[in-house]
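Presented below is the structure to which this report refers.
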Amino acid sequence: MSTVSGSPAQKINYLLNRAVAEVIDRRELERMLLSGRKLRIKEGLDPSAPDIHLGHMVALRKMRQFQELGHQIVLIVGDWTAQIGDPSGRSATRPMLTAEQVRKNAETYLAQFFRIVDKDKTEVRFQSEWFGKFDLGDVVRLTSKFTVAQFLARDDFAKRFSEGRPIAITELLYPLLQAYDSVAIQADVELGGTDQKFNFLVGRELQEMMGQKPQQIFMVPLLVGTDGVQKMSKSLGNYIGIAEPPEDIYGKTMSIRDELIMDYFELLTDVPDEELEEFRNQLKGGANPMNLKKRLARELVRQLYGEEDARRAEEHFEKVIQKKELPDSVRECHLSFNALRFPGGEIDMRRLLRATGVAASTSEAGRLINQGAVEVDGKRITTFQCQLSSGSIIKVGKHRFIKVINADNQT
RNA sequence: GGAGGGGUGCCGGAGUGGCCAAUCGGAGCAGACUGUAAAUCUGCCGCCCUAAGGGCUACGCAGGUUCGAAUCCUGCCCCCUCCA
């Protein structure tokens with residue numbers, strides 16, 4: 001994991017300026033950081049989407065920086081709010097989760113979370129610690145502090161309301177619960193994406209109402225996903241997961257559109273600002289963006305896996321994608337050739353592709369073959385039947401490879 | 001409590017008795033072009049069958065009418081809007 005070197009003052013400066021969208025209240029936070037007091041930095045975990053991707057990483061890196069300055073991360077597992085489904089930035093109601101799903105998701109999430117954030121400087125808390133004791137009276141007291149108009153001020157609520165689309169009552173509850181979390185753990189700072197601004201602000205208000213000092217709000221920019229349009233999110237499928245294999249992280253990074261390169265550098269790496277400026281000039285000067293993108297891809301894999309894996313991922317990319325050579329290792333599939341033969345004795349490639357899992361169905365496999373997407377040992381096939389020897393390499397599309405081994409011979 | 005509208009493939013959204021495995025758009029996949037970029041163009045985009053061709057499922061659920069239903073009828077479930 002990367003560490004920014006320098007004096008505490010320099011680190012604070014970096015923390016407050018690099019990859020930051022908005023801080024409320026900035027002056028106050030700066031003062032608190034300089035005071036030397038150990039701050040409690042709150043971060044919410046939404047256990048409905050267990051996989052962490054680069055979009056989350058922007059905030060996770062910030063947490064890491066806070067930790068390096070000696071502060072305490074308090075990670076809240078939203079086991080209650082997950083049952084509601086956070087409506088932030090969405091226009092549709094989300095399905096509720098069962099307690100069991102939440103627990104399982106949280107486990108996966110934490111394992112990934114601690115690849116970036118220091119576990120020893122993190123306090124993990126479950127909402128059920130406090131909401132489990134809530135009774136109706138508490139709920140009434142909590143809800144009575146705010147008005148519908150206040151909540152309708154929130155962008156997505158306002159939009160849905162005016163468009164006549166449904167807003168579940170529980171969704172209005174969401175910001176309240178999240179706000180109460182801040183009270184429960186006495187947060188000094190809450191950290192997250194800009195789409196959370198409303199919820200964060202409710203937290204501030206509620207803390208003040210309940211006699212606490214209102215938390216400072218630290219918002220990081222939202223990372224645009226691999227589609228180049230919408231924010232990175234799992235449900236949109238435009239994400240790069242931090243737990244994906246190095247080659248995939250590298251490869252997916254290479255396929256982002258050029259316009260995103262600098263954003264990614266700024267939000268996801270510690271490449272110094274001066275160097276980024278230089279990159280921008282290079283791009284303006286007509287340099288091939290691919291080279292910068294390779295640097296970016298390397299940086300990302302290095303952060304998540306280390307130098308050695310970054311180098312290997314790059315080699316893999318150059319070899320397989322750029323030079324169109326075979327990868328070093330190809331997934332092997334052992335299967336009975338005889339079970340896949342036509343009466344004439346040749347192999348039915350459609351059934352083989354399905355059996356190996358490359359295609360979801362025989363029909364799909366047939367389509368792939370008809371479209372010229374399938375190569376056997378470097379030769380494109382155009383018919384379903386094929387003479388195949390054990391150990392053949394099959395390539396489907398641009399980057400799917402399998403090696404088929406005839407299991408008939410081995411028994 | 002009253003009135004009205006609606007549930008279609010991954011999503012949006014046409015279709016109101018046969019020409020519907022279902023127009024179109026998006027997503028996705030593949031091919032061409034490339035820098036595995038983007039954009040663009042082309043094709044595919046339910047499942048199964050030895051590709052032509054055929055079969056089987058499918059339009060909220062369950063029945064029914066009909067030679068024939070996503071389309072008509074009955075019941076049920078669910079959703080939305082407006083009035084109170």
Side-chain angles (χ1 to χ4, degrees), chain A residues 90-95 160-169 224-230 232-240 244-265 279 282-283 286-298 300 313-327 338-355 357-375 380-388 394-401:
Chain A
R90 311 183 145 252
S91 40
T93 315
R94 285 219 225 160
R160 278 203 268 163
F161 189 70
S162 68
E163 286 172 6
R165 278 182 305 170
I167 301 168
I169 309 265
V224 175
T226 53
D227 62 348
V229 183
Q230 291 181 278
M232 185 173 282
S233 91
K234 193 175 179 193
S235 51
L236 292 171
N238 62 350
Y239 71 104
I240 303 175
E244 293 189 55
E247 309 85 64
D248 289 359
I249 292 175
Y250 193 101
K252 283 192 181 185
T253 303
M254 287 308 290
S255 71
I256 63 170
R257 47 205 303 176
D258 293 348
E259 296 75 60
L260 297 179
I261 297 177
M262 292 315 298
D263 272 0
Y264 275 46
F265 262 119
F279 289 174
Q282 285 176 22
L283 287 173
N288 188 346
M290 181 188 67
N291 296 320
L292 282 179
K293 218 186 274 183
K294 282 170 96 169
R295 165 82 188 272
L296 173 67
R298 217 160 51 223
L300 292 176
E314 181 157 288
E315 270 172 20
H316 178 266
F317 174 81
E318 288 173 350
K319 185 170 176 178
V320 177
I321 305 301
Q322 294 192 303
K323 295 188 191 144
K324 294 186 172 27
E325 290 170 12
L326 287 178
N338 286 335
L340 301 168
R341 289 188 200 284
F342 284 108
E346 289 178 308
I347 305 278
D348 183 345
M349 288 303 289
R350 294 173 308 171
R351 286 197 282 151
L352 180 134
L353 291 177
R354 192 196 49 192
V358 175
S361 68
T362 319
S363 308
E364 185 184 303
R367 278 177 229 129
L368 286 167
I369 293 168
N370 284 334
Q371 290 176 136
V374 181
E375 285 178 18
R380 177 177 292 186
I381 60 170
T382 51
T383 57
F384 295 167
Q385 52 270 80
C386 182
Q387 295 284 3
L388 198 63
I394 297 173
K395 182 183 182 189
V396 178
K398 286 193 182 88
H399 39 241
R400 277 176 290 176
F401 295 90

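Just so we're clear, the structure is a prediction, and the values are computed from it rather than from any experiment.
- Within the 4.0 Å cut-off from OP1 or OP2 of rA51(B), not a single side-chain nitrogen or oxygen of Q385(A) is found.
- Taking atom C1' on both nucleotides, rG6(B) is separated from rC56(B) by 30 Å, rounded to a whole Å.
- The distance from atom CD1 of I369(A) to atom C1' of rG31(B) is 15 Å, rounded to the nearest whole Å.
- Between the P atoms of rA22(B) and rC47(B), the separation comes to 14 Å (whole Å).
- Listed nucleotides: rG35(B), rA30(B), rA51(B). Nearest to the side chain of L368(A): rA30(B).
- With hydrogens and angles ignored, no donor-acceptor pair closer than 3.5 Å exists between the side chain of E259(A) and the base of rA38(B).
- rC59(B) and rU8(B) have their P atoms separated by 11 Å, given to the nearest Å.
- Between R257(A) and N288(A), the residue anchored nearer the 5' end of RNA chain B, judged by the nucleotide with its closest heavy atom, is N288(A).
- Distances shorter than 4.0 Å separate some side-chain N or O of R400(A) from OP1 or OP2 on rA30(B).
- Rounded to a whole angstrom, the distance from the P atom of rG46(B) to that of rG2(B) is 45 Å.
- Distance check: M290(A) CE to I261(A) CD1 gives 10.5 Å after rounding to the nearest 0.5 Å.
- In this structure, F384(A) has no ring-ring contact (aromatic ring centres under 6.0 Å, His included) partners at least two apart in sequence or on a different chain.
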Checklist outcome for this item: Output field dot_bracket for RNA chain B (Watson-Crick or G-U, both distances under 3.5 Å, | for other-strand pairs) contains ((((((((.[[[..)..(.....]]].(((((.......))))).((((...))))...[[[[[..)....]]]]]))))))).
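- To the nearest angstrom, P of rU36(B) lies 9 Å from NZ of K293(A).
- rU50(B) and rG60(B) are spaced 39 Å apart, taking the C1' atom of each and rounding to whole Å.
- Put simply, the side chain of K293(A) reaches to within 4.5 Å of the side chain of D258(A), judged on heavy atoms.
- A 4.5 Å side-chain heavy-atom check between L388(A) and L340(A) finds every atom pair outside the cut-off.
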Checklist entry - For nucleotides 20-28 of chain B, read 5' to 3', which letter fits each nucleotide if B means a protein heavy atom sits under 4.0 Å from the base, S means only the sugar-phosphate is that close, and - means neither? => result ---------
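- You'll find the side chain of F317(A) reaches within 4.5 Å of the side chain of M254(A), heavy atoms only.
- Under the 4.5 Å side-chain criterion, counting only non-hydrogen atoms from C-beta, L300(A) is not in contact with I240(A).
- Between the CD1 atom of I381(A) and the P atom of rG31(B) there is a distance of 13 Å, rounded to whole Å.
- Here the OG1-CG distance, from T253(A) to L260(A), works out to 11.0 Å after rounding to the nearest 0.5 Å.
- Atom CD1 of I381(A) sits about 11.0 Å away from atom CD1 of I347(A), to the nearest 0.5 Å.
- For F401(A), the ring-ring contact (aromatic ring centres under 6.0 Å, His included) test picks out no residue, with sequence neighbours left out.
- Side chain of Y264(A) to main chain of V224(A): a donor-acceptor pair is present (N/O by atom type, distance under 3.5 Å, no hydrogens or angles).
- rA38(B) atom C1' lies 11 Å from atom CD1 of I261(A), rounded to whole Å.
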Item to check | Per-nucleotide protein contact string for nucleotides 41-48 of chain B, where B marks a base within reach and S marks sugar-phosphate only (heavy atoms under 4.0 Å, - for neither) | outcome: --BSS-SB
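- Under a 3.5 Å cut-off, the side chain of R350(A) and the backbone N or O of G366(A) do not form any donor-acceptor pair.
- Distance from the side chain of I321(A) is smallest for rU36(B) among the nucleotides rA30(B), rU36(B), rG31(B).
- Taking atom P in both rU65(B) and rC11(B), one finds a spacing of 33 Å when rounded to whole Å.
- In this structure, the CG atom of L352(A) is 15 Å from the P atom of rU50(B), given to the nearest Å.
- For the residue pair R354(A) / T362(A), a side-chain donor-acceptor distance below 3.5 Å is found, with atom types taken as modelled.
- Side-chain N/O atoms of N338(A) and R341(A) include a donor and acceptor closer than 3.5 Å.
- For the C1' atom pair drawn from rC29(B) and rC82(B), the interatomic distance equals 44 Å after rounding to whole Å.
- Between rG15(B) and rG53(B), the distance separating the two C1' atoms is 28 Å to the nearest Å.
- How far CD of Q282(A) is from CG of N288(A): 11.0 Å, rounded to the nearest 0.5 Å.
- Per the geometry, CG belonging to D258(A) stands 9 Å off P belonging to rA38(B), to the nearest Å.
- Looking at heavy atoms from C-beta onward, H399(A) lies out of side-chain contact with E247(A) at the 4.5 angstrom threshold.
- A heavy-atom distance below 4.5 Å is not found between the side chains of V374(A) and V358(A).
- Listed in residue order, the members of residues 244-251 of chain A having a heavy atom less than 4.0 Å from RNA chain B are G251(A).
- As rounded to whole Å, 11 Å separates atom P of rA30(B) from atom NZ of K395(A).
- If you measure from atom CG of L326(A) to atom P of rU36(B), you get 17 Å, rounded to the nearest angstrom.
- Among rU50(B), rU36(B), rA32(B), the nucleotide with an atom closest to any side-chain atom of F342(A) is rU50(B).
- Out of rC49(B), rU36(B), rA51(B), the shortest distance to the side chain of R351(A) is found at rC49(B).
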